[in-house]
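Have a look at the structure below before the remarks.
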Protein chains: 2
Amino acid sequence: MRLLIAEDDKLHRSFLEGVSRDTLPELDELITAADGEDAIAAFGASDFDSVVLDLQMPKVTGVEVAKSIWARKPHTKILFWSNYTEEAYIRGITKIVPPEAVYGYILKSAPEEQLKLALQGVFIAEQCVIDREVRSVQQRAGDRLSGLSELEFEALVDLCLGLTDKAIAARRHVSLRGAQSRLQHLYQKLGLEKGDLPAGPWGPSFNSRTRAISLALSQGILNADALRREEKNLQDWLSSQGE
Amino acid sequence: MRLLIAEDDKLHRSFLEGVSRDTLPELDELITAADGEDAIAAFGASDFDSVVLDLQMPKVTGVEVAKSIWARKPHTKILFWSNYTEEAYIRGITKIVPPEAVYGYILKSAPEEQLKLALQGVFIAEQCVIDREVRSVQQRAGDRLSGLSELEFEALVDLCLGLTDKAIAARRHVSLRGAQSRLQHLYQKLGLEKGDLPAGPWGPSFNSRTRAISLALSQGILNADALRREEKNLQDWLSSQGE
DNA sequence: AGCAAATTTGCGGAGACCCGCAAACGTGTT
DNA sequence: AACACGTTTGCGGGTCTCCGCAAATTTGCT
């Protein structure tokens with residue numbers, strides 16, 4: 001068994017390394033990487049069947065690392081080890097996990113015992129181990145009523161990137177009104193009712209467009225990291241339009 | 001010497017505790033807290049002259065803890081120990097540090113040696129120890145040209161909370177046009193030039209209002225935590241208006 | 001005091017946005 | 001086929017936003 005660990009925080013990395021050595025008797029080799037780029041490079045340089053990924057890393061996100069890994073070897077077992085249950089990450093993961101892959105998702109705040117169980121569960125027993133909290137977010141995202149549909153999520157991303165209605169329409173290949181329609185549905189789902197706030201004598205308190213961003217951020221549906229990532233996609237699209 | 005350590009991450013907390021014991025020979029007592037609330041409670045319950053604070057903590061931010069501490073005992077020595085150099089935090093700190101206080105700011109990514117020096121520097125030698133990276137952000141924020149003025153920063157906060165121009169005007173006691181003017185200056189400072197992006201044939205790509213938020217987030221001027229905090233202030237103000 | 005820079009304000013118009021109403025679709029279910 | 005549900009689209013009007021121009025005001029510094 002050959003294990004790759006990618007984690008930027010020094011302490012967490014060495015802690016994880018120690019626990020892995022104690023918990024996985026069949027361990028033949030263990031390599032660590034301090035950021036996403038290194039992780040991808042290391043994975044290409046050697047032959048791993050198991051990987052532990054922190055999600056929040058400099059340069060390249062854990063999600064992107066996973067995508068690159070699974071694209072090359074879909075049967076690689078991956079355990080995600082992260083601080084938060086950001087919906088953006090969870091969405092990203094469930095979208096890229098291949099059907100045959102074994103993976104797990106555990107929080108750093110979990111007790112050491114749970115980490116050990118997850119390591120053994122995913123890498124030895126080959127079962128999917130998903131933290132309870134993460135699971136609940138995952139379900140909520142999949143639920144049509146409380147969660148956002150994929151289309152609405154796209155709209156949210158574009159909105160947060162600062163695009164205009166027209167630009168959203170162009171990017172997603174719908175009419176102007178279509179884009180606006182998606183936005184309206186989004187507003188509703190986020191809990192942005194028109195008469196929600198008792199507008200004072202100085203008019204309505206909230207601008208729907210910006211308030212939506214605020215709500216999405218505070219609800220953890222998006223975060224600054226996810227935005228930076230999407231910004232890249234946007235730039236790619238923009239330059240492809242310029243041709 | 002009596003030291004209080006506030007840090008939510010288990011590993012970092014025990015690591016910091018160990019280093020402190022090794023580095024500070026005059027240490028009489030050491031108490032740890034796992035979140036902001038606990039930290040404030042602990043500080044009230046005993047008598048500390050030195051505090052180490054993580055900035056990103058559940059419930060109550062390190063900045064708020066510092067505010068509460070300095071409000072009671074302005075001569076308390078505080079060392080901030082954080083992951084990032086978020087401008088929002090740095091702004092918050094420089095705004096609340098009393099003239100007589102000794103404090104330091106060091107990053108978690110710094111080598112252990114630097115942490116030791118910072119501990120000794122702040123708590124024993126009573127000098128201000130500010131990490132080089134942090135210092136540069138601090139200066140940029142204070143600079144009138146590249147940084148945002150206090151007024152523009154306020155506007156940014158209101159903008160990110162989702163307020164309308166009218167609401168911003170009311171909240172900040174200026175005319176509607178005044179609020180808009182602040183926003184325009186803000187747009188400029190953030191690098192949002194009108195012809196910046198070669199608007200495609202489908203019109204201007206960016207909505208200034210939302211694009212400004214996007215830029216502020218990706219530049220780390222604001223973060224989700226800061227927003228959640230400001231949201232509280234906003235709610236207070238809103239309810240005070242209702243009366 | 002005196003000057004320069006920053007900030008605020010009014011006016012006004014072009015454009016963007018929000019959204020109710022109503023009519024097509026598409027997909028999957030019964 | 002008939003039906004429900006989600007999504008898309010056009011239209012139209014009311015509102016909000018953006019911003020150039022110009023003048024009044026405040027602030028900071030010498």
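A, B, ... follow the sequence lines: proteins, then strands. Residue 1 opens every chain. Because the structure is a prediction, the values reported are computed rather than measured.
- Of all nucleotides listed (dC21(C), dG10(C), dT8(C)), dC21(C) comes nearest to the side chain of Arg177(A).
- What separates CG of Leu159(B) from P of dT17(D) is a distance of 10 Å, to the nearest Å.
- Counting only heavy atoms from C-beta on, Arg182(B) has its side chain closest to dT8(C) among dT7(C), dT8(C), dT9(D).
- Leu151(B) comes within 4.0 angstrom of sugar-phosphate atoms only, judged by non-hydrogen atoms across all strands, and of no base.
- Ring geometry, Phe80(A) versus Trp70(A): the interplanar angle exceeds 60°, so the pair is classed perpendicular (tilted spans 30 to 60°).
- Rounded to whole Å, the distance from CG on Leu176(A) to C1' on dA16(C) is 9 Å.
- Note: CZ (Phe206(B)) to C1' (dC17(C)) measures 18 Å, nearest angstrom.
- For the pair Leu186(B) CG and dC18(D) C1', the computed distance is 14 Å after rounding to whole Å.
- Atom CG of Asp165(A) and atom P of dT8(D) are 14 Å apart (whole Å).
- Checking each of Glu150(A), Glu152(A), Glu154(A) against Arg172(A) for a salt bridge (charged side-chain N to carboxylate O under 4.0 Å, His left out) leaves exactly one that passes, namely Glu154(A).
- Distance CZ (Arg211(B)) to C1' (dC17(C)): 19 Å, rounded to an integer number of Å.
- Glu231(A) and Gln235(A) form a side-chain donor-acceptor contact under 3.5 Å, judged by distance and modelled atom types alone.
- Look at Lys59(A) and Asp8(A) and you find no salt bridge, because none of the NZ, NE, NH1 or NH2 atoms lies under 4.0 Å from a carboxylate O.
- Within the 4.0 angstrom heavy-atom criterion, only backbone atoms of the sugar-phosphate kind lie near Ser175(A); the bases stay farther away.
- Nearest-nucleotide positions on DNA chain C for His173(B) and Gln180(B) put His173(B) closer to the 5' end.
- Considering only the side chain of Lys166(B), dC16(D) comes nearest among dC18(C), dC16(D), dC18(D).
- Atom CZ in Arg172(B) sits about 15 Å away from atom P in dT7(C), given to the nearest Å.
- For Gln184(A), taking side-chain heavy atoms from C-beta onward, the closest of the listed nucleotides dC18(D), dC19(C), dT7(C) is dC19(C).
- Nucleotide dC18(C) holds its P atom 14 Å from the CD atom of Gln188(A), rounded to whole Å.
- Between dT17(D) and Asn207(A), a contact under 4.0 Å exists linking OP1 or OP2 to a side-chain N or O.
- The Ser181(B) side chain lies nearest to dT9(C) when the options are dT9(C), dT9(D), dC17(C).
- Ile78(A) has its side chain out of reach of Val65(A): every pair of non-hydrogen atoms, C-beta onward, lies at least 4.5 Å apart.
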